[in-house]
Protein chains: 2
Amino acid sequence: MSLPEISPRRPYHHGKLKQALVEAALALAEQAGAENVTVREAARRAGVSPGAPFRHFPDRESLMAAVAAEAQRRLRAEIDGALGEAPKDPLARFRAVGLAYLRWALRNPAHFQIISTHDLFDHERSEVLSQDNAKIIGMTEAALAEAAAAGLLAHPDLRLVRLAGRALVYGFARMAIDGHFPRWNITPEEAPRLAEALLDLFVGAIAKKPSPVAEDGSPIAGGSSRSSA
Amino acid sequence: MSLPEISPRRPYHHGKLKQALVEAALALAEQAGAENVTVREAARRAGVSPGAPFRHFPDRESLMAAVAAEAQRRLRAEIDGALGEAPKDPLARFRAVGLAYLRWALRNPAHFQIISTHDLFDHERSEVLSQDNAKIIGMTEAALAEAAAAGLLAHPDLRLVRLAGRALVYGFARMAIDGHFPRWNITPEEAPRLAEALLDLFVGAIAKKPSPVAEDGSPIAGGSSRSSA
DNA sequence: ACCTGAACACCGTTCAAGT
DNA sequence: ACCTGAACACCGTTCAAGT
């Protein structure tokens with residue numbers, strides 16, 4: 001009945017359980033939805049008993065906070081990359097950050113949800129998360145502030161313009177994640193193009209127009225989506 | 001030991017259990033957060049046993065869908081009211097709908113979350129919800145389409161302008177509900193004013209300017225929040 | 001120092017039995 | 001026709017006991 005102890009039973013000490021749990025939870029979120037991430041299932045996937053995770057995280061919310069921090073790190077890396085190839089014009093940089101943000105959200109809805117919804121884990125208990133988030137926010141802030149300083153903005157209230165940009169971008173991402181697109185007859189394929197067009201519309205709307213009436217009638221900004229960056 | 005049966009034991013048949021459960025769940029959401037609504041607790045509050053709700057709803061998601069339908073009904077009533085007092089100008093009507101929507105969301109975050117997040121209950125299983133939602137959407141659609149037909153819009157792509165308006169308004173509401181405002185130093189007190197300013201900014205941005213340079217310098221749209229409606 | 005495994009309180013859901 | 005109450009499988013969390 002009893003096998004000899006030759007069988008290579010998984011070692012008693014996992015070694016990198018903390019990291020393994022975060023990765024398992026990340027995968028779980030992707031497959032089952034962010035709200036269905038379970039400590040027990042993460043433990044199962046990491047090959048440990050139900051109580052083991054609580055040596056590394058005081059509670060479920062702490063695990064989710066660590067997952068959010070990892071997701072935030074990935075999002076930030078994506079944005080850093082996009083910003084590396086962006087031009088120097090501040091409004092173009094703002095557009096580049098917004099686009100990278102939206103593209104990542106569209107491709108990683110569950111991870112984006114974990115980052116942005118504060119239901120899943122408590123307040124800003126995670127410093128890494130706040131720090132990475134501050135960096136991302138700082139990039140758009142800086143771009144807009146620079147544009148304002150250079151006299152490129154049509155609207156006088158920078159704070160309001162900033163808020164509008166945030167709300168527009170966040171709202172688009174959230175509509176995608178909350179499943180509003182089918183209702184609006186927006187297919188997953190065209191969503192990235194719409195994101196681009198939306199950013200163009202916004203930048204065109206807040207930018208100061210070169211002259212009241214352009215004699216040559218050339219379009220200044222906005223318009224339909226032409227492939228770019 | 002045993003009391004005589006004079007005590008007015010709650011009647012075996014509740015009578016209006018279905019409705020009572022929806023109301024209990026609504027109250028629960030307000031107090032504990034939308035994601036902490038529990039079938040058992042709703043049953044407890046309605047004074048019935050844990051199994052009783054399942055005579056009226058096949059599962060938890062169905063209960064949540066009924067809750068969402070009731071919340072949607074209330075939101076719609078609010079918007080209907082606001083639209084009754086709104087002027088005839090289509091852009092002013094769009095603004096009025098948006099403002100009523102945002103004010104309700106700010107005052108009823110948990111209920112708004114139940115309406116908008118499709119995680120909590122399945123797809124559009126609820127017809128009432130879809131219908132009421134279609135009515136609300138229809139109001140803003142109609143206002144914007146009317147504005148476009150009257151040649152009031154500066155941007156040619158109505159669909160994009162519509163999407164931008166939706167994303168902006170939805171994003172602001174979602175930022176409030178997801179707890180992003182503290183990070184942006186936005187206090188609950190000033191949120192309604194910001195909502196108004198944001199709508200003014202948007203309407204001003206999409207509206208065709210009357211003349212390139214107004215000689216009298218009168219503000220056309222947008223600007224800070226003056227008390228209105 | 002880190003993990004197991006049994007335990008507890010809780011939840012969604014089912015179902016025979018009561019009224 | 002509608003509700004009770006016990007039951008089952010699941011979850012978060014704790015903790016003595018193992019390695």
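Residue numbers start from 1 in every chain, and the chains themselves are labelled A, B, ... in the order their sequence lines are given, proteins ahead of strands.
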For residues B/Leu168 and A/Ala167, report the shortest heavy-atom separation together with the two atoms involved.
O-CB, 3.7 Å

Would you check, one step at a time, whether the test side chain to side chain donor-acceptor pair (under 3.5 Å) holds for A/Arg174 with A/Thr117?
CA-CA 10 Å; A/Arg174 262 294 177 191; A/Thr117 303; 2.2 Å; yes

Side-chain contact check for A/Arg44: nearest option of D/dT13, C/dG5, D/dC11 is D/dC11

Counting just side-chain N and O atoms, does A/Thr38 come under 4.0 Å of either OP1 or OP2 of D/dC10?
no

What does the 5'-to-3' dot-bracket notation of DNA chain C look like when only Watson-Crick and G-U wobble pairs under 3.5 Å count, and pairs to other strands show as |?
||.|||||...|||||.||

Go nucleotide by nucleotide along DNA chain D from the 5' end; which of A/Ala52 and A/Glu41 gets its closest nucleotide reached first?
A/Glu41

Rounded distance (Å) that lies between atom P of D/dG12 and atom CG of A/Leu63
9 Å

First of A/Gly15 and B/Phe54 reached from the 5' end of DNA chain C, by closest nucleotide
A/Gly15

C/dT13, D/dC3, D/dT13: which one has an atom nearest the side-chain heavy atoms of B/Pro50?
C/dT13

To the nearest Å, give me how far apart NE2 (B/His56) and C1' (D/dA1) are.
10 Å

Give the intermediate values and the outcome of side chain to side chain contact (heavy atoms under 4.5 Å, CB included) for residues A/Leu75 and A/Gln72.
CA-CA 5 Å; A/Leu75 170 56; A/Gln72 182 83 255; 4.0 Å; yes

Using whole Å, what does the distance between atom C1' of nucleotide C/dC3 and atom CG of A/Leu21 come to?
12 Å

Is any side-chain N or O of A/Arg40 closer than 4.0 Å to OP1 or OP2 of C/dC11?
no

Rounded to the Å, how far apart are B/Asp59 CG and C/dC11 C1'?
14 Å

Expressed as a whole number of angstroms, how long is the span from A/Arg55:CZ to D/dT19:P?
16 Å

Would the A/Phe202 and B/Phe202 ring centres measure less than 6.0 Å apart?
no

Figure out the CZ/C1' separation between A/Arg60 and D/dG12, and round it to whole Å.
9 Å

Between D/dG12 atom P and B/Glu35 atom CD, what is the distance in whole Å?
15 Å

If we check side-chain contact (heavy atoms from CB on, under 4.5 Å) with A/Leu194, which of these qualifies: A/Leu102, A/Leu106, A/Ile186?
A/Ile186

Could you check whether A/Arg44 pairs with A/Glu41 (Lys NZ or Arg NE/NH1/NH2 to Asp/Glu carboxylate O, under 4.0 Å)?
yes

May I have all residue pairs that pass salt bridge (Lys or Arg N to Asp or Glu O under 4.0 Å) and include part of residues 135-148 of chain A, sequence neighbours excluded?
A/Glu141-A/Arg162

Measure CG/A/Asn36 against P/C/dG12 and give the value in whole Å, please.
13 Å

